[in-house]
Amino acid sequence: MADVHYQPQSLEAAIQKIWHEQNTFVTKEDDSKEKFYCLSMFPYPSGKLHMGHVRNYTIGDVISRFQRMQGKNVLQPMGWDAFGLPAENAAMQNHAAPAEWTYSNIDYMRTQLKSLGLGFDWSREIATCHPDYYRWEQWLFTKLMEKGLVYRKMSQVNWDPVDQCVLANEQVIDGKGWRSGAPVERKDIVQWFVKITDYAEELLQDLDQLDGWPEQVKTMQRNWIGKSSGLEISFPIEGREGQFIKVYTTRPDTLMGVSYLAVATDHPVSHKASIRNPALAEFIEACSHVSTAEADIETMEKQGMDTGVRVLHPLTGEVIPVWSANFVLMSYGTGAVMSVPAHDQRDYEFAQKYALPIKPVILPEGADTVDVSSAAFTEKGRLFNSGPFDGLRFEQALEAMAAALSAKDLGEKQTNYRLRDWGVSRQRYWGCPIPAIYCPACGVMPVPEDQLPVLLPEDLVPDGAGSPLAKLEEFKNCDCPQCGGRAKRETDTFDTFFESSWYYARYASRDCNTAMLDARADHWLPVDQYIGGIEHAILHLLYARFFHKLMRDQGLVRSDEPFKKLLTQGMVLASSWFSVDATGKQTWYSPLDVEPVLDEKGTILHGLLKSDGRQVQYGGVIKMSKSKNNGIDPQTLIEQYGADTLRLYIMFAAPPEQTLEWSDKGVEGCYRFVNRVWRLVHSHCESGVVAAYQGKEPLSKEAQALRLKVHETLQKVGDDMGRRQTFNTAIAACMELLNELTKFSAQNAIERALLQESLEILVLMLSPMTPHLSQVLWQTLGQSGLVVDVAWPKVDENALVKSQLALMVQVNGKLRGKIEVAADADKTSILSAAKHDEAIMKFIDGKVMLKEIYVPGRLVNLVVQD
RNA sequence: GCCCAGGUGGCGAAAUAGGUAGACGCAGGGGACUUAAAAUCCCCCGGUAGAAAUACCGUGCCGGUUCGACUCCGGCCCUGGGCACCA
């Protein structure tokens, strides 16, 4: 035959050209077909595609193509989460405007996505930094202002005293600013908040209708929302008539065991007390040098100091000290907690450290003493040491305490949420301007609709010392829309989660310039399949759910939830290598430049640099990142093996939810497979294509077995790709089938027709993963048209009928043999066959049979007395 | 610290509803083809004992439920993700 070699580079470019010319993936609303909206999380345009993107978008593309072959009208859009911090950092480095950097990154990454053969509808492309996009979130925000769903309040940020700017949590390293190295300070500034807590209950309840979401993600969101019920209790401040410290507790049953109150270091009580207490002032100052990140606060050493303030127990009048403590957060609840060391472990440790009293008031069920000599007793039980409440259990105690407190007007039952309102202000330049105006005469007001959008000037270059917007007079100064006097514009920009909270809806109405969304949004929404990293399980997905409800209540969409089904993909990892120089500085090397050295068991000892043979240390298999220099560039692989091989490997190496460890050798294995498919199709077609076997003519035993395998595989692959979404096992099944097909040699015209049928099915099954290869081979097999428009092949039930079954036979649960039985054999004859099998008789001879178990189609277990 | 996952051969993994542990692939070993190499094709490949048949052990650790546990239950260890200004 003419030697036709597999040349992915030219082949893939040619197929991509056809898709482009025929507008293959441009999607229109079409009521004659079931719609399927398949969405992958849009990328931040960081410069170039990384493997995590490749994985995300390949999964989405495979699902999209599979669903299209099921006859659905598939929408798969793509866009750019284009505002954000990295653009400002790059701008500072290159002394260029973030806009320029962002747009050129977008252009490059778009060509990369196209070279992967992803079937996106590019006519719907969105970049969130474009005014046509962000004007609508400004508009929605002004509507929320009118509805009272946003407000301003003081809130803490990480402040770099040298660079005079607000730092993101990730810019605080060991309590110091990443650029200046100065210890961070906490600073209170006025910021905008959106009342997500007004929707807390609905966000919680509606999780129950998200059947297509992983349980794990729903659990995380439930815990994040953190609904609890308890009491809010007021402790009167001694000597200050009419003043109280309010606390919220979920354990009111322990109220009689309170030994102190703990308030945040930035609680008004702390501040007031510190005025005449230099030691306390110093303590509070010291505590202010910790980042605002909860993980930092929760893991630091618990410290506190007596404020000297005293409160009265609301029921007994007992005098209770008030401590200022670094682990109490002002932004949580009331910024104060009641401490019961006997029944809370953190309070216990704190009390031990500062020699505060530990008063047990709860007994374990059925016991008459409680041991708190080494740890708190944190379970619920029966009250004692609690005066009139002795003997009560939790529920009764809650009611009784609530009644007693409410009689004195010092407490009431309350439902609380851990969820806090969404702080959306950022003191940054490269973001969407918050559309608000401050007039000295008229106050704070939204920018009127006819003045939207508030345009972000795109030519500014940040210098690291605060937001350039705040320094730009022509941006800042404006006229008051009410009185016409001089006014100031808000110079903060939105949290970038704002943009990513509604982009999924805008794709449907992306060219609408009269409204945020139009009727097409309800045609496509909700998203049928959403795919993205597990790291977005809480924040992004919760904010997007919230935004959807805000848009619904604004009359923009009808559905309650944006994402019907969610697939959370795992990260892409690679091995890492480093060396340490005399000063302790680590240098990281690309895994491509290192030859691992193994011991005889295969454990990695160290590596040798391919360049000069220097020894380097193994840093384990970790997330691909720039800082660890262990990223693998997808572009190189596309050039070397083609997009199909890369796509196939990334889908084969692990199930989508799991982390994926990169292996160059694994890619080669997939390349071999692709080549084998190529060669088998060509060697079959060498002697001409034939019509596929239809299941009519009788087949030889071998041919029948092969056809069974083909249709079993088809059944499995359809199930794996559709219901199970385990693409790795689908590909493994295709590999098994290829192995069988390679061994089979067609002896006559009927068997050649069978091979034709088998190859057509194989090519179609693989097409979601290897769309270019399949397209070309489809034509080689004598077919015309686009594979993506071919209907998914149907399983021939007749091909699945088996006459014989292989059953495992166990004795006392241990595998001892196998038997072949007729497919329609009954239980009695199967058990008898098992008992008369030579291998089995050895194990049951002369023993008392206790039980005979037959699991239909699977196994026999004979239980005998030992 | 808190919340959520995961842990199976030398490696990535499979076992879908409690029923053959290790499919498929990688690496490795042996062979065929070749002047040779590459490519390709075939065979072997969890551990221990054994020439083999086979037996025993084996799914992070300890214990439990069951005729039968990678799978269910209780406790522990380790690794990863998130923790509200990275996206």
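Order of the sequence lines fixes the chain letters, A, B, ..., with proteins taken first and strands second; residue numbering starts at 1 for each chain.
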**Student:** Please determine if a side-chain N or O atom of A:Arg816 lies less than 4.0 Å away from the OP1 or OP2 oxygen of B:rA55.
**Tutor:** yes
**Student:** If I pick the P atom on B:rU79 and the same atom on B:rA84, what distance separates them, to the nearest angstrom?
**Tutor:** 22 Å
**Student:** Which nucleotide wins on minimum distance to the side chain of A:Ala654, given the candidates B:rC4, B:rU20, B:rA13?
**Tutor:** B:rA13
**Student:** Under 4.0 Å from OP1 or OP2 of B:rG19: is there any side-chain N or O of A:Lys818 that close?
**Tutor:** no
**Student:** Want to settle it: does A:Val217 or A:Ile731 sit nearer the 5' end of RNA chain B, counting the closest nucleotide to each?
**Tutor:** A:Val217
**Student:** I'd like to check the salt bridge (Lys or Arg N to Asp or Glu O under 4.0 Å) partners of A:Lys218; sequence neighbours left out, ordered by chain and number.
**Tutor:** A:Glu215
**Student:** Starting from C1' on B:rG7, measure out to CD on A:Gln658 and report it in whole angstrom.
**Tutor:** 10 Å
**Student:** Is A:Lys851 close enough to B:rC67 that one of its side-chain N or O atoms is under 4.0 Å from OP1 or OP2 there?
**Tutor:** yes
**Student:** Please classify the nucleic acid contact of A:Ser663 as base, sugar-phosphate, or nothing, using heavy-atom distances under 4.0 Å.
**Tutor:** nothing
**Student:** Keeping A:Glu88 on the side-chain end and A:Tyr429 on the backbone end, is there a donor-acceptor pair under 3.5 Å?
**Tutor:** yes
**Student:** Given the C1' atoms of B:rA36 and B:rA32, what is the spacing between them in whole Å?
**Tutor:** 15 Å
**Student:** Take atom C1' in B:rG18 and the same atom in B:rG68, then report the distance between them in whole Å.
**Tutor:** 8 Å
**Student:** Verify side-chain hydrogen bond (donor to acceptor under 3.5 Å, both in side chains) between A:Arg418 and A:Asn223, making sure each step is shown before the conclusion.
**Tutor:** CA-CA 8 Å; A:Arg418 202 188 75 100; A:Asn223 293 339; over 6 Å; no
**Student:** Distances for protein N/O vs nucleotides 31-34 of chain B N/O pairs under 3.5 angstrom?
**Tutor:**
none

**Student:** Does NZ or CZ of A:Arg186 come closer than 6.0 Å to the centre of the six-membered ring of A:Trp159, within 45° of the ring's axis?
**Tutor:** no
**Student:** Report the distance from atom CG of A:Leu541 to atom C1' of B:rC4, rounded to the nearest whole Å.
**Tutor:** 14 Å
**Student:** Answer syn or anti for B:rG9, where the cut-off is 90° from 0 on the glycosidic torsion.
**Tutor:** syn
**Student:** Less than 4.5 Å apart, any side-chain heavy atom of A:Phe327 and any of A:Phe350?
**Tutor:** yes
**Student:** Classify A:Arg724 by what it touches in the nucleic acid, base, sugar-phosphate, or nothing, heavy-atom distance under 4.0 Å.
**Tutor:** base
**Student:** Using a strict 4.0 Å threshold on nitrogen-to-oxygen distance, state whether A:Arg179 and A:Asp163 make a salt bridge.
**Tutor:** yes
**Student:** Taking the side chain of A:Asn223 as its heavy atoms from C-beta onward, which of B:rC4, B:rA87, B:rG25 lies nearest to it?
**Tutor:** B:rC4
**Student:** Under a 4.0 Å N-O cut-off, is there an ion pair linking A:Lys827 with A:Glu852?
**Tutor:** no
**Student:** Taking only the side-chain nitrogens and oxygens of A:Arg858, find out if one of them lies under 4.0 Å from OP1 or OP2 of B:rA17.
**Tutor:** no
**Student:** Assess whether a salt bridge exists between A:Arg679 and A:Glu686, defined as any Lys/Arg side-chain N lying under 4.0 Å from an Asp/Glu carboxylate O.
**Tutor:** no
**Student:** In whole Å, measure the gap between the P atoms of B:rC11 and B:rG60 for me.
**Tutor:** 13 Å
**Student:** Which is true for A:Lys842 with a 4.0 Å heavy-atom rule: it touches a base, it touches only sugar-phosphate, or it touches nothing?
**Tutor:** nothing
**Student:** Looking only at side-chain atoms of A:Thr299, point me to the closest of B:rG1, B:rC57, B:rG19.
**Tutor:** B:rG1
**Student:** Provide the distance between the two P atoms, one in B:rG25 and one in B:rA14, to the nearest whole Å.
**Tutor:** 15 Å
**Student:** Taking all non-hydrogen atoms of both residues into account, name the closest pair between A:Gln171 and A:Arg428 and its distance.
**Tutor:** OE1-NH2, 4.0 Å
**Student:** Can you tell me how far C1' of B:rC4 sits from CG of A:Leu207, to the nearest Å?
**Tutor:** 14 Å
**Student:** Salt bridge (charged side-chain N to carboxylate O under 4.0 Å, His left out) for A:Asp495 and A:Arg426? Distances and angles first, verdict last.
**Tutor:** CA-CA 6 Å; A:Asp495 176 3; A:Arg426 297 293 180 269; 3.1 Å; yes
**Student:** If you assign A:Tyr649 and A:Val855 each to the RNA chain B nucleotide with the nearest heavy atom, which residue ends up on the more 5' nucleotide?
**Tutor:** A:Tyr649
**Student:** Can you find a heavy atom in the side chain of A:Lys847 that is under 4.5 Å from one in the side chain of A:Gln865?
**Tutor:** no
**Student:** Kindly point out which of B:rU20, B:rU16, B:rG25 is positioned nearest to the side chain of A:Phe652?
**Tutor:** B:rG25
**Student:** Any idea which of B:rC67, B:rC24, B:rA13 is nearest the A:Glu736 side chain?
**Tutor:** B:rC24
**Student:** With heavy atoms under 4.0 Å as the rule, sort A:Arg672 into base, sugar-phosphate or nothing.
**Tutor:** sugar-phosphate
**Student:** Pick the C1' atom in B:rG6 and in B:rU71, then give their distance to the nearest Å.
**Tutor:** 15 Å
**Student:** Rounded to whole Å, how long is the line connecting atom CZ of A:Phe673 with atom C1' of B:rC26?
**Tutor:** 15 Å
**Student:** Base, sugar-phosphate alone, or nothing: which one does A:Phe843 contact when heavy atoms must sit under 4.0 Å apart?
**Tutor:** sugar-phosphate
**Student:** Could you tell me the separation between the CE atom of A:Met808 and the C1' atom of B:rG18, rounded to a whole number of Å?
**Tutor:** 17 Å
**Student:** Please classify the nucleic acid contact of A:Pro43 as base, sugar-phosphate, or nothing, using heavy-atom distances under 4.0 Å.
**Tutor:** nothing
**Student:** If we take the C1' atom in both B:rC77 and B:rC61, what is their distance in whole Å?
**Tutor:** 7 Å
**Student:** Measuring to OP1 and OP2 of B:rG25, would you say a side-chain N or O of A:Asn728 lies under 4.0 angstrom away?
**Tutor:** no
**Student:** Which atom pairs link the protein and nucleotides 79-86 of chain B when you take only N or O atoms and keep those under 3.5 Å?
**Tutor:**
residue : atom : partner  : partner atom : Å
B:rC83  : O2'  : A:Glu294 : OE1          : 3.1
B:rA84  : OP2  : A:Glu294 : N            : 2.9
B:rA84  : N6   : A:Arg418 : O            : 3.1
B:rA84  : N1   : A:Arg420 : N            : 3.0
B:rC85  : OP2  : A:Arg426 : NH2          : 2.4
B:rC85  : O4'  : A:Arg426 : NE           : 3.3
B:rC85  : O3'  : A:Asn169 : N            : 3.4
B:rC85  : O2'  : A:Asn169 : N            : 2.7
B:rC85  : O2   : A:Arg428 : NH2          : 2.4
B:rC85  : N4   : A:Gln191 : OE1          : 3.2
B:rC85  : N4   : A:Gln427 : OE1          : 2.7
B:rC86  : OP2  : A:Asn169 : N            : 3.4
B:rC86  : OP2  : A:Glu170 : N            : 3.0
B:rC86  : O4'  : A:Glu170 : OE1          : 3.2
B:rC86  : O4'  : A:Glu170 : OE2          : 3.1

**Student:** What interatomic distance, in whole Å, is found between C1' of B:rA27 and the corresponding atom of B:rA13?
**Tutor:** 14 Å
**Student:** What is the distance, rounded to the nearest whole Å, between atom CG of A:Asp720 and atom P of B:rU16?
**Tutor:** 11 Å
**Student:** May I ask you to say what A:Lys302 touches in the nucleic acid, namely base, sugar-phosphate or nothing, with a heavy-atom cut-off under 4.0 Å?
**Tutor:** nothing
**Student:** Check step by step if salt bridge (charged side-chain N to carboxylate O under 4.0 Å, His left out) holds for A:Glu736 and A:Lys716.
**Tutor:** CA-CA 12 Å; A:Glu736 271 188 68; A:Lys716 176 173 175 57; over 6 Å; no
**Student:** Starting at CG of A:Leu815 and ending at C1' of B:rA15, how long is that distance when rounded to a whole Å?
**Tutor:** 15 Å
**Student:** So, OP1 or OP2 of B:rA23: does either fall under 4.0 Å of a side-chain N or O from A:Asn739?
**Tutor:** no
**Student:** A:Asn812 has an atom CG; how far is it from atom P of B:rA69, in whole Å?
**Tutor:** 12 Å
